[in-house]
Amino acid sequence: MTATRRAVAVLISGRGSNLRALIEAAKAPDYPARIALVVSNRADAEGLRLARDHGIETAVIPSKGKERAAFDAEVDALLRAKGIELVCLAGFMRILTPEFVAGWTGRMINIHPSLLPAFKGVNVHEQAIEAGVRISGCTVHFVIPELDDGPIILQAAVPVPPGATPAQLADLVLEQEHRIYPQALRWLAEDRLQIDGRAVRIRGAAPASGALISPAL
Ligand code: GAR
């Protein structure tokens with residue numbers, strides 16, 4: 001499997017715990033993808049150090065004070081120069097231009113800490129608690145130009161404990177993010193995902209966990 005593993009770039013802006021989950025998953029000999037490059041728009045992103053510690057190539061492309069199109073063009077050129085096949089957004093807090101997104105259609109995925117289409121944008125856990133939902137969760141989806149939107153690949157449900165703070169809910173959801181992101185990337189790298197309108201079909205037998213993981217329900 002090693003020789004044919006798909007080259008993945010992970011785009012980050014901060015901590016990089018989802019990046020860590022992907023790096024760990026990719027250590028398995030049968031994992032169909034390898035993390036070839038980590039790109040951050042912030043030089044102080046903690047995830048950069050994590051990548052370097054694992055011998056993964058990193059790049060910082062500062063976004064501050066730069067035109068959106070110019071930033072995206074720089075990222076795009078780098079990804080192509082490095083032979084990247086698939087892109088994972090992992091806490092990458094930038095809105096991408098439709099032009100950039102179009103160049104990676106069906107090959108770029110994102111993780112978001114809610115059960116989309118609920119609670120897009122930022123302060124997601126505050127939004128969920130304020131709305132009084134009893135179940136939140138996380139979503140891995142294909143990236144389309146609209147923010148936190150696109151065909152859904154995998155979701156995990158997380159019950160909201162009574163009285164939970166946003167930080168407590170974030171921790172519970174993050175645990176599930178680390179489970180579903182590596183699984184979604186595995187399917188993508190195995191070419192098993194077929195986009196059918198708004199839906200995603202998973203070719204072949206799905207693993208026992210299925211496309212919805214509900215750990216505590
Ligand atoms: C994660 O919770 C991820 O779902 C979220 O940012 C966090 C990054 O954490 N992404 C978004 O909100 C995207 N809209 P990490 O840097 O530890 O992976």
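As the structure lists them, so they are numbered: ligands from 1, and atoms in each ligand from 1.
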Undergrad: Assess whether side chain to side chain contact (heavy atoms under 4.5 Å, CB included) is satisfied between Lys66 and Ile61, documenting all intermediate values.
TA: CA-CA 10 Å; Lys66 205 175 277 173; Ile61 301 182; 4.0 Å; yes

Undergrad: The test is salt bridge (charged side-chain N to carboxylate O under 4.0 Å, His left out); show your working for Asp76 and Arg80 and say whether it passes.
TA: CA-CA 6 Å; Asp76 192 66; Arg80 291 178 196 284; 2.9 Å; yes

Undergrad: Identify every side-chain donor-acceptor pair in residues 125-134 under 3.5 Å, counting partners at least two apart or on other chains, and give the distances.
TA:
residue, atom, partner, partner atom, Å
Gln127, NE2, Lys120, O, 2.8
Gln127, NE2, Val122, O, 2.9

Undergrad: Provide the full list of salt bridge (Lys or Arg N to Asp or Glu O under 4.0 Å) pairs with a residue in residues 84-103, sequence neighbours left out, each pair given once.
TA: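 Matches after skipping sequence neighbours: Arg6-Glu85.
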
Undergrad: Can you see whether Gln176 engages Arg179 through a side-chain donor-acceptor pair at a distance of less than 3.5 angstrom?
TA: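 Yes.
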
Undergrad: By side chain to side chain donor-acceptor pair (under 3.5 Å), which residues pair with Asn41, not counting sequence neighbours?
TA: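 Once residues adjacent in sequence are excluded, the partners of Asn41 under the side chain to side chain donor-acceptor pair (under 3.5 Å) criterion are Ser13, Ser63.
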
Undergrad: Kindly tell me which protein residues have any non-hydrogen atom under 4.0 angstrom away from an atom of ligand 1, grouped by chain and ordered by number?
TA: Arg15, Gly16, Ser17, Asn18, Gly91, Met93, Ile111, His112, Pro113, Asp148, Leu174, Glu177

